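Given the structure is predicted, the values throughout are model-derived calculations rather than measurements.
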Amino acid sequence: MRMTRLHAPTLKEDPKDAEVVSHKYLVRGGYIRKLAAGIYDFLPLATRTIHKIANVVRDEMSRAGAQEVFLPAVQPSEIWVESGRWAYYGPELLRFKDRKGAEFCLGPTHEEVIVDLVRRDVRSWRALPLNLFQIQTKFRDEIRPRAGLMRGREFIMKDAYSFDVDEAAALRSYDSMYAAYERIFKRCGLDFRAVEADTGAIGGSRSHEFQVLAESGEDAMVSCTACQYAANVEQAELPVPTPGEGTFAGAVEKVHTPNQRTIDEVSRFLSRPATSFIKTLIVNADGQLHAVLVRGDHELNEIKLKKKLGAAVVTLAEEAEVRAATQAPVGFAGPVGSLKVASILADNAVRGMVDAVTGANEADQHLVGVNESRDFQVTAFHDLRMAGDGDACPRCGGRLKGFRGIEVGHVFYLGTKYSKSMNCAYQNEAGDDVPMVMGCYGIGVTRIMAAAIEQNHDKDGIVWPVAIAPFHVAILPLQMNVPEVVAAAEKLYEELSDAGVQVLLDDRDERAGSKFKDADLIGLPFRVAIGARALQEGVIELKHRRGGEVVKVPLADAVAHIRGLIA
RNA sequence: CGGGGUGUAGCGCAGCCUGGUAGCGCGCCAGUUUUGGGUACUGGUUGUCGGAGGUUCAAAUCCUCUCACCCCGACCA
């Protein structure tokens, strides 16, 4: 490809609406443009990268026995009503009517469609297992799209669905997808980690996320420094700690804490560590108020709480609800005395706390010297907090280490959640109708592009892994007015292209500096500079974008040398 | 949805407080110059000042309404 023909409008300045590096560089490098919030145009460079990612995905999915299909983006409400998700899915599901008034939605995922397809035609155990996948544009009307491609509303996703005769077979499908995912992300050149995860809205019981390691990632994870355990902090179970042996005979005392609401503020004000605090959170679970206690330095895990309460919706209480429950403004809730709540749940770490600090259920007042069980009773203790750096591993007791990541893949064991509600069954050898056992498997194709950049960039631009770079090598003729330079560049361009190397020739009549800047920004893995001086010596200069090392290569060896780098 | 903020040339911004003929940098076009890390200079091009309504002799500027976008919180590939 010639730069003069390529539609890749590069920008010198960062776009003002971009915050994260991948967003900045994709816009500056002429890869994407925004059409509306969370909706982007993909220009030629981005399109090439997306095709490369998609092809890696296709290749490995096929290898794992999945077959590619292409399902409708527009889906009728009927099947969603049938699965129960028409009511369950919130405003994130973009709904609309056709001219006849029939209701449709833009597919955020395709369980309903695929189950409908499979149940029509698959009747016998002989047809299973079956695994179908597609690479398609999804639409989720996110509350707040952000960070460019990292969280768009419209995005390209690979989704696969497996159908099996029973749980054991379904788990084999799951494992084979898991293995395929590891190959896919590895081939894409990503540094990633598979972690145990919550199943969320899609439902099911077994789940792993594939997380690309990046400080800018939205997700927090922990992994064990001693064993293989790794999990999303929302998911990570924590071992029940042994309660402390200490006792505190002193009485509970009320202290004046004017305007000190947060743990931080009160902790500083009273000169007591956050670990000696009992944080009392008032939550609304399906309309009922509950008090939840966690240690001051810990964070409530709403997902764990939701499961324990068996509630559909759990939110932190509104100010008015807090007042109703505690008779005090927000910031002074505590478990001692009477709380108007349905139950008081506490995290395991609260058991046996002595000489603790809590709110007094009174404006500007806290209590000190509080002992759990002597001064208040909880309804039940559970594992209710987020795991974090330094916690104990639930598997081996080793230390957990925290890290951040970008979720690029997610595999779920679904069981019969959809096959039962939508009546997707096969006949077994005995002639009985049995619901199929399903799994579903997603990969964010456009998100991989962004995640790869978050993980591979420097101050000058993108540093693509070879496998997903839009081109392999950039050729920069540095003096367009020197015929020998242009001729050498053209010749190398021809020869490399013939050898199967994907080349971007910067044939613009620009100064060398501009070409270098744009080449760094666009981020192709290799760069060949052809300059008049070096050409006198019969060499070209080959730069590795990653690491920046420059080697002089005899012009005659250039093709073979570069081919060797790509392979 | 709650809280905060921004809309002025293709991009990044100033002007708004204190109303009076719309500016700067980059880009783009023509040319001179330069020629291995965004060269310098000359000339030129580019605007429903997000939209609607109002106040006023006069509105980018003041008022009201509205739309879009961004950031912080709850969702997910």
Side-chain angles (χ1 to χ4, degrees), chain A residues 9-20 23 27-28 30 33-39 53 57 89-93 108-110 135-160 181 197-202 207 209-212 218-219 232 234 283-284 302-303 306 313-316 318-319 406-412 440-451 460 476-482 485 508-521 527 529-535 541 543 548 550:
Chain A
T10 58
L11 269 25
K12 283 188 184 177
E13 287 167 293
D14 283 338
K16 69 166 175 178
D17 55 3
E19 200 83 350
V20 298
H23 189 191
V27 172
R28 280 192 54 202
R33 289 292 184 261
K34 185 172 69 185
L35 210 217
I39 302 177
I53 296 167
V57 171
Y89 240 98
E92 198 182 308
L93 184 64
T109 175
H110 282 70
I135 294 174
Q136 225 239 19
T137 298
K138 306 280 193 220
F139 192 92
R140 293 183 189 170
D141 200 354
E142 294 279 348
I143 300 162
R144 191 159 88 74
R146 72 182 114 174
L149 258 34
M150 300 258 278
R151 176 172 300 277
R153 291 194 292 175
E154 187 174 287
F155 56 96
I156 299 172
M157 177 173 158
K158 185 284 304 180
D159 48 326
Y181 274 37
D198 180 59
T199 50
I202 294 182
S207 172
E209 290 167 350
F210 288 79
Q211 296 275 357
V212 166
E218 287 187 290
D219 292 332
N232 194 303
E234 295 172 340
V283 301
N284 179 328
E302 289 186 34
I303 291 173
K306 201 163 144 183
V313 183
V314 173
T315 55
L316 275 179
E318 308 279 323
E319 193 174 339
I406 301 161
E407 184 187 1
V408 290
H410 204 150
V411 293
F412 296 87
C440 75
Y441 317 93
I443 288 181
V445 173
T446 39
R447 190 182 272 184
I448 285 178
M449 179 160 75
D460 296 311
L476 275 47
L478 299 181
Q479 298 87 15
M480 293 301 286
N481 55 353
V482 178
V485 168
R508 296 175 302 172
D509 188 13
E510 288 286 339
R511 310 192 74 229
S514 299
K515 294 189 179 187
F516 288 141
K517 288 290 183 188
D518 275 340
D520 286 344
L521 179 61
R527 184 191 83 190
I530 299 182
R533 276 205 300 276
L535 208 53
E541 283 156 320
K543 181 181 167 186
V550 178

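Out of B:rG36, B:rG37, B:rC69, the shortest distance to the side chain of A:Arg527 is found at B:rG37. Of all nucleotides listed (B:rA77, B:rG12, B:rC70), B:rG12 comes nearest to the side chain of A:Glu13. Comparing B:rG36, B:rU35, B:rC76 by their closest approach to the side chain of A:Arg140 singles out B:rC76.
Across B:rU64 and B:rA59, the matching C1' atoms stand 15 Å from one another, rounded to whole Å. Taking atom C1' in both B:rG4 and B:rU8, one finds a spacing of 22 Å when rounded to whole Å. Comparing the P positions of B:rU56 and B:rG73 gives an interatomic distance of 46 Å, to the nearest angstrom. Of the P atoms belonging to B:rU61 and B:rG51, the separation is 10 Å, rounded to the nearest Å. Nucleotides B:rA30 and B:rG5 have their P atoms positioned 45 Å apart, rounded to a whole Å. For B:rC62 and B:rC17, the P atoms lie 5 Å apart once the distance is rounded to whole Å. With both ends at atom C1', the span from B:rU34 to B:rU18 equals 47 Å, rounded to whole Å.
For A:Glu154, the side chain to side chain contact (heavy atoms under 4.5 Å, CB included) criterion is met by A:Ile39, A:Thr137, A:Phe139, not counting sequence neighbours. Here A:Phe210 pairs with A:Tyr178, A:Tyr181, A:Phe185 under the ring-ring contact (aromatic ring centres under 6.0 Å, His included) rule; sequence neighbours left out. Remark: A:His110 engages no residue in a ring-ring contact (aromatic ring centres under 6.0 Å, His included) (not counting sequence neighbours). Every side chain to side chain contact (heavy atoms under 4.5 Å, CB included) that A:Arg28 has, sequence neighbours left out, goes to A:Leu11, A:Asp14, A:Pro15, A:Tyr25, A:Leu521.
Using a 4.0 Å heavy-atom cutoff across all strands shown, A:Lys34 reaches sugar-phosphate atoms only and no base atom. Counting non-hydrogen atoms under 4.0 angstrom, A:Arg153 reaches nothing in the nucleic acid. Among the atoms of the strands shown, none is found under 4.0 Å from any heavy atom of A:Ala450. Looking at heavy-atom distances under 4.0 Å, A:Ala18 makes no contact with the nucleic acid at all. Contacts of A:Gly409 with the nucleic acid, taken as non-hydrogen atoms under 4.0 Å apart, involve only primed sugar atoms and P, OP1 or OP2.
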Each nucleotide N or O in nucleotides 5-7 of chain B that has a protein N or O under 3.5 Å away: list the pair and distance.
none

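Atom CZ in A:Arg508 sits roughly 14 Å away from atom P in B:rG38 (whole-Å rounding). We find that CG of A:Asp520 is positioned 11 Å from C1' of B:rG38, with the value rounded to whole Å. Between the C1' atom of B:rC76 and the CE atom of A:Met157 lies a distance of 9 Å, rounded to the nearest Å. Atom CG in A:Asp509 sits about 15 Å away from atom P in B:rU34, given to the nearest Å.
Here the straight-line distance linking atom NZ of A:Lys158 with atom CD1 of A:Ile135 works out to 8.0 Å at 0.5 Å rounding.
For A:Asp14 against B:rC11, a side-chain-to-base donor-acceptor contact under 3.5 Å is absent. Scanning atom types as modelled, one donor and one acceptor separated by under 3.5 angstrom connect the side chain of A:Gln479 and the base of B:rG36.
Between A:Arg146 and B:rC69 there is no side-chain polar atom (N or O) within less than 4.0 angstrom of OP1 or OP2.
For B:rU34, there is no paired nucleotide, since no Watson-Crick or G-U wobble pair has both relevant distances below 3.5 Å.
Ring stacking holds between A:Phe155 and B:rA77, with the centres under 5.5 Å apart and the planes within 30 degrees of each other.
Using a 4.0 Å cut-off between charged nitrogen and carboxylate oxygen, A:Glu218 and A:Arg146 count as a salt-bridge pair.
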**OP:** Determine, for nucleotides 39-48 of chain B in 5'-to-3' order, which nucleotides have protein heavy atoms under 4.0 Å from the base (write B), from only the sugar-phosphate (write S), or from neither (write -).
**Re:** B---------
